[in-house]
There are 2 protein chains.
Amino acid sequence: MTPTDAPKRRTRTRTRADAITIEEVARRANVSVATVSRALRGLPNVAPSTRSRVEQVARDLSYQVDTYASRLATGRSDTVGLAVPNINSWYFAQVAAGVEAVLADAGMDVLLHSVGDGAGRARLLSGQSPVRRRLDGLILIDVLLTATEIRTLAADRVHVVTVGQWTEEFPSVTVDNRAAALAATRHLLDLGHRRIGLIGGSAHTSLPFDVPGHRRQGYVEALLEASLDYHADLEANGGFSVKGGSEAMVHLMSESRPPSAVFALSDEMAMGALQAAGDLGLAVPGDVSIVGFDDHELARVFGLTTVRQDPEWHGATAGRLLLGLGDDPPPEISHVVGDTRLLVRSTTAPPRGH
Amino acid sequence: MTPTDAPKRRTRTRTRADAITIEEVARRANVSVATVSRALRGLPNVAPSTRSRVEQVARDLSYQVDTYASRLATGRSDTVGLAVPNINSWYFAQVAAGVEAVLADAGMDVLLHSVGDGAGRARLLSGQSPVRRRLDGLILIDVLLTATEIRTLAADRVHVVTVGQWTEEFPSVTVDNRAAALAATRHLLDLGHRRIGLIGGSAHTSLPFDVPGHRRQGYVEALLEASLDYHADLEANGGFSVKGGSEAMVHLMSESRPPSAVFALSDEMAMGALQAAGDLGLAVPGDVSIVGFDDHELARVFGLTTVRQDPEWHGATAGRLLLGLGDDPPPEISHVVGDTRLLVRSTTAPPRGH
DNA sequence: CTGTTAGCGCATTCAG
DNA sequence: CTGAATGCGCTAACAG
């Protein structure tokens with residue numbers, strides 16, 4: 001109150017427009033900044049009357065804490081990174097929606113990070129990652145970690161949850177891709193198909209046990225069960241995109257002995273394949289059967305036989321796992337396995353002349 | 001080096017695991033923290049030899065600046081908020097991808113914010129928005145601002161760019177939705193249709209000039225041009241989702257005098273309508289023609305006649321506009337208008353008996 | 001229950 | 001060209 005040491009402010013650069021601070025609130029409420037801090041954060045040891053007065057003043061001034069200052073003082077940032085190969089692919093967008101909903105509810109901020117190209121990935125996971133340093137948590141969607149990266153992250157203070165990769169160190173959300181692909185392929189086999197094509201993922205996979213890898217494994221197993229051999233010429237890379245799926249299909253069907261059925265490792269590729277079949281003048285399932293994976297919201301429109309899974313739930317679950325990691329007795333690392341179910345619709349049928 | 005005042009550290013809570021600081025780098029490089037700061041940020045007035053030595057040490061220790069401390073000192077955060085109604089809808093995911101790519105390239109962080117429900121929206125735009133305070137920029141995708149919100153944001157220090165809304169205050173990226181919808185409807189009219197249904201957006205739109213509003217306006221204008229009246233019973237709300245589009249279609253087609261053609265304001269709704277038509281046993285375009293809007297990647301697979309636009313480009317452009325806003329002589333507010341083009345495919349044809 | 005006092009890690013005048 | 005000092009806004013002991 002007394003203008004004792006009033007002219008203390010020397011505001012140098014005047015970066016922020018105005019931005020009222022905790023000090024301002026304290027002054028107007030006639031309390032110390034410490035009390036304001038306690039009151040506003042709902043900490044104990046604050047007289048009810050004091051608290052409400054502080055809250056009132058804060059509201060009047062529409063005071064908002066500077067998260068950066070807070071972060072600097074506490075060490076927590078309440079923001080988690082969400083890493084996806086890309087955000088404009090159906091599956092990842094669904095997962096992201098699930099994650100965002102849960103985390104936003106918990107008052108966490110979500111930093112979106114596409115790691116499609118190697119650059120983005122490096123920026124996030126390399127030793128000198130400036131972004132990682134500002135995160136309390138990290139959710140990785142199909143961004144596969146190498147052993148080294150796992151070690152680095154585990155040594156770090158950041159909480160991590162993976163979706164699509166199982167590791168010993170971090171909680172995860174996965175589905176049994178092998179079993180699901182096995183079921184999908186068996187369905188084709190049961191129908192009588194003997195030449196079954198595979199439209200798969202990226203060729204340059206560095207890690208053996210990624211999602212497409214597991215699905216492929218299920219496919220091969222089903223073949224073996226039926227005493228069939230795997231033929232490399234029945235496999236094509238569709239890059240998990242509609243366009244890629246379409247091109248892969250054209251490739252497969254223009255071989256000397258084309259398959260009578262095709263298993264695409266994602267619905268988007270399957271729909272691309274559907275398109276290619278149409279362009280090629282092939283009837284589905286008359287000339288060729290097609291199975292997808294995902295149960296994309298448009299799969300039903302196409303009558304696409306596919307493996308259903310629930311990516312939004314995967315994301316929400318991953319978000320919850322991450323939040324749980326903050327509990328005081330740290331929970332044990334849990335690995336959630338989501339459901340999958342074969343949905344037989346109308347793009348599959350027995351092969352011609354069967 | 002000399003242990004003069006060495007035991008100065010009193011590390012209270014030991015929040016961060018270890019996290020080497022600028023001070024550590026300074027010590028090892030035998031310079032002051034000020035010099036390290038200058039050297040690492042490429043500022044002038046640093047001897048080349050000193051700079052390289054500092055850089056070397058920083059690299060060895062894999063030092064990374066603490067963004068929060070930096071932010072507190074400078075006032076800039078290098079992070080921009082990306083607000084979307086939801087992230088798991090095709091259009092928004094595409095825009096987000098475009099935004100993310102451009103901003104990540106520029107070293108900016110992207111904070112994802114879904115404002116689907118009112119809560120998320122309030123959290124971002126209300127007076128006491130803790131998130132807004134930590135942003136240098138804000139990109140709003142179809143998140144329409146009221147006059148009050150515009151004023152608040154303009155008074156703020158944050159740079160904003162809108163996509164899908166034109167305002168005087170902020171740069172924007174839009175398309176001429178009215179003209180595009182006019183063209184789409186004219187196409188149907190030219191084909192001979194006289195009863196044209198509309199599958200539109202959310203019923204509870206508070207603002208008149210939103211995206212669905214403009215498209216609807218183009219539709220009505222086309223009708224008037226052809227001396228036709230607008231009939232409320234020819235309009236149904238599809239909520240911009242596949243499912244909603246499907247339901248809206250069922251609703252429209254089960255009326256006493258169903259339309260012979262339908263214009264859906266998004267491809268996702270159009271595809272839902274396609275599905276419904278199939279369920280209802282209606283042939284497309286035999287019994288009913290359908291036009292969409294977007295040119296969703298699957299539109300071609302369905303042979304869907306639609307209005308093409310390029311959402312990823314919209315996002316990238318918005319990102320670039322935002323980055324430009326940081327230039328010293330602030331650029332004048334630019335309003336970019338993206339292209340649209342009617343793509344006639346196979347879901348439209350003259351009405352029966354025409 | 002409340003105020004005082006140190007920092008959190010970095011950027012930045014202002015002297016040298 | 002470089003270093004010492006100060007403050008960004010807030011939280012966290014530690015005394016009262």
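This is a predicted model, so every value here is computed, not measured.
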Round to a whole Å and report the spacing from [atom1] of [X] to [atom2] of [N].
{"X": "Arg27(B)", "N": "dT2(D)", "atom1": "CZ", "atom2": "C1'", "value": "18 Å"}
{"X": "Arg71(A)", "N": "dT11(D)", "atom1": "CZ", "atom2": "P", "value": "13 Å"}
{"X": "Asp78(A)", "N": "dC10(D)", "atom1": "CG", "atom2": "C1'", "value": "14 Å"}
{"X": "Tyr63(A)", "N": "dG9(D)", "atom1": "OH", "atom2": "C1'", "value": "7 Å"}
{"X": "Leu72(A)", "N": "dA12(D)", "atom1": "CG", "atom2": "P", "value": "12 Å"}
{"X": "Asp66(B)", "N": "dA11(C)", "atom1": "CG", "atom2": "C1'", "value": "13 Å"}
{"X": "Ile20(A)", "N": "dC8(D)", "atom1": "CD1", "atom2": "P", "value": "16 Å"}
{"X": "Glu23(A)", "N": "dC8(D)", "atom1": "CD", "atom2": "C1'", "value": "11 Å"}

Atom CG in Leu111(B), atom CG in Asp109(A): separation rounded to 0.5 Å?
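Leu111(B) atom CG to Asp109(A) atom CG measures 4.5 Å (nearest 0.5 Å).
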Could you grab the distance from atom CZ of Phe170(B) to atom OG1 of Thr162(B), nearest 0.5 Å is fine?
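Going from the CZ atom of Phe170(B) to the OG1 atom of Thr162(B) covers 8.0 Å.
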Which of these, Leu138(A), Ile141(A), Leu322(A), Leu103(A), sits in a side-chain contact (heavy atoms from CB on, under 4.5 Å) with Leu82(A)?
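Between Leu82(A) and the candidates, side-chain contact (heavy atoms from CB on, under 4.5 Å) is satisfied uniquely by Ile141(A).
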Nearest to the side chain of [X], which nucleotide is it out of [options]?
{"X": "Ala34(B)", "options": "dC8(D), dT12(C), dA13(D)", "result": "dT12(C)"}
{"X": "Ile22(B)", "options": "dT2(C), dT11(D), dA11(C)", "result": "dA11(C)"}
{"X": "Thr35(B)", "options": "dG3(D), dC10(D), dA11(C)", "result": "dG3(D)"}

Would you say Arg59(A) and Gln56(A) are linked by a side-chain donor-acceptor pair, where the criterion is simply a distance under 3.5 Å?
yes
Are Ser114(A) and Asn86(A) linked by a side-chain donor-acceptor pair shorter than 3.5 Å?
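Side-chain D/A pair, Ser114(A) to Asn86(A): absent.
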If only atom types and distance count, is the side chain of [X] paired as donor or acceptor with the main-chain N or O of [Y] below 3.5 Å?
{"X": "Thr74(B)", "Y": "Ser70(B)", "result": "yes"}
{"X": "Glu100(B)", "Y": "Ala97(B)", "result": "no"}
{"X": "Ser52(A)", "Y": "Ser49(A)", "result": "yes"}

Has Ser32(A) got a side-chain N or O lying under 4.0 Å from the OP1 or OP2 atom of dT4(C)?
no
So, is Ser70(B) close to the dA11(C) phosphate, meaning a side-chain N or O under 4.0 Å from OP1 or OP2?
yes
What does the inter-axis angle of the helix from dC1(C)-dG16(D) to dG16(C)-dC1(D) come out as, five pairs per end, nearest 10 degrees?
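So the angle between the two local helix axes works out to 30°.
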Does atom CZ (Arg28(A)) have a neighbourhood of more than 12 heavy atoms from anything else shown, all under 6.0 Å?
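Atom CZ in Arg28(A) is not crowded, with 12 or fewer foreign heavy atoms closer than 6.0 Å.
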When we call it a touch if two heavy atoms are under 4.0 Å apart, what does Val31(B) touch: a base, just sugar-phosphate, or nothing?
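Touches sugar-phosphate only.
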Side-chain heavy-atom pair Val65(A), Ile22(A) within 4.5 angstrom cut-off:
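They are not in side-chain contact.
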Can you list, by residue number, the residues of residues 38-56 of chain A that have a non-hydrogen atom closer than 4.0 angstrom to DNA chain C?
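Output list: Arg38(A), Asn45(A), Val46(A), Ala47(A), Thr50(A).
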5'-most by nearest nucleotide on DNA chain C - Ala69(A) or Val33(B)
Ala69(A)
